[in-house]
Structures are given as C-alpha cells and as structure tokens.
Amino acid sequence: DRADAHAQLNLALLYSVGHGVPQDVVQSYKWVEIMSKRNSLRAEASQLRESLSSKMTSAQIIEAQRLADEWKPPLGF
C-alpha cells in the first residue's frame, strides 16, 4: 500500500509461487504492473511479467491489467 517497489516485487513473487498466499498469477501480474508503472525496478518487473504472461490466458492478463489500473495507494503515500 505504501508504493514500496521492493515490497510490491516480493508480493508479486509470493503470489506467483503461492508462498504464504494462494498461488494467483492474476494477482502476481497485477503487482508487477503496479510496480513497473510507479517505481524504478522496471527490469525486474519486465522479467517477471514475461514469465507470468507465458502461463496466463489473455483474459487473465486483461483482468490483471484492469486491477492494476484500478489500484490506488492510500491517501498520503
């Protein structure tokens, strides 16, 4: 929620493998999209996005992109 690029990358990685959270490629891709638009870890985001998209349907990618576009950080961040 605080737009921390490293935390967002870690969250994306956790969702991608289901470590501590249910495995969810849509949520993982969403966090990659959020991270890549707002932060400096674009190379890492690009690599993970490429890996995830190879496992996803086009409908899943569209849903993840929609969720990322709708995500807003809390006020004050």
Side-chain angles (χ1 to χ4, degrees):
D1 283 348
R2 296 190 172 143
D4 180 292
H6 293 285
Q8 291 169 340
L9 175 61
N10 286 335
L11 191 53
L13 291 169
L14 292 173
Y15 274 116
S16 73
V17 296
H19 186 75
V21 294
Q23 186 176 18
D24 188 332
V25 293
V26 171
Q27 286 297 314
S28 180
Y29 197 98
K30 174 188 93 172
W31 285 107
V32 169
E33 286 291 294
I34 290 168
M35 180 187 94
S36 68
K37 290 177 185 176
R38 293 173 173 81
N39 299 296
S40 60
L41 296 176
R42 289 199 173 117
E44 291 87 343
S46 180
Q47 273 186 311
L48 184 52
R49 183 188 299 114
E50 205 172 298
S51 173
L52 289 167
S53 65
S54 70
K55 303 172 193 171
M56 298 171 73
T57 66
S58 58
Q60 288 175 311
I61 292 170
I62 290 167
E63 174 67 4
Q65 290 170 334
R66 182 189 65 76
L67 291 170
D69 289 341
E70 291 177 355
W71 183 82
K72 304 283 185 246
L75 293 176
F77 291 102

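In what follows, residues are counted from 1 in the order of the sequence shown.
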Worksheet item: Do side-chain atoms of Gln23 reach the backbone of Val17 as a donor and acceptor pair under 3.5 angstrom?
Response: no
Worksheet entry | Ser51 side chain to Leu48 backbone, donor-acceptor under 3.5 Å | no
Return the set of residues passing side-chain contact (heavy atoms from CB on, under 4.5 Å) with [X] (not counting sequence neighbours), or none when no residue passes.
X	value
Ser46	Arg49
Leu14	His19, Val21
Ser53	Tyr29, Ile61
Asp24	Tyr15, Val26, Gln27

Worksheet item: Do any pairs count as a salt bridge (charged side-chain N to carboxylate O under 4.0 Å, His left out) and have a residue in residues 57-68, sequence neighbours left out, and if so which ones?
Response: Glu63-Arg66, Arg66-Glu70
Discussion item. So, using salt bridge (charged side-chain N to carboxylate O under 4.0 Å, His left out) as the criterion, who are the partners of Glu50 when residues are at least two apart?
Written reply: none
Do you know the tightest heavy-atom contact between [X] and [Y]?
X	Y	result
His6	Asp4	N-OD1, 3.0 Å
Ala5	Met35	O-SD, 3.6 Å
Ala45	Ser36	CB-CB, 3.6 Å

Discussion item. Atom CD of residue position Gln47 - does it have more than 12 heavy atoms of other residues, nucleotides or ligands inside 6.0 Å?
Written reply: no
Practice prompt. State plainly whether one hydrophobic cluster holds both Leu11 and Trp71, where clusters connect Ile, Leu, Val, Met, Phe, Trp and Tyr through side-chain heavy atoms under 4.5 angstrom apart.
Written response: yes
Hey, what do you get for [atom1] ([X]) to [atom2] ([Y]), rounding to the nearest 0.5 Å?
X	Y	atom1	atom2	answer
Gln8	Lys30	CD	NZ	10.0 Å
Ser28	Gln60	OG	CD	11.5 Å
Asp69	Ile34	CG	CD1	9.0 Å

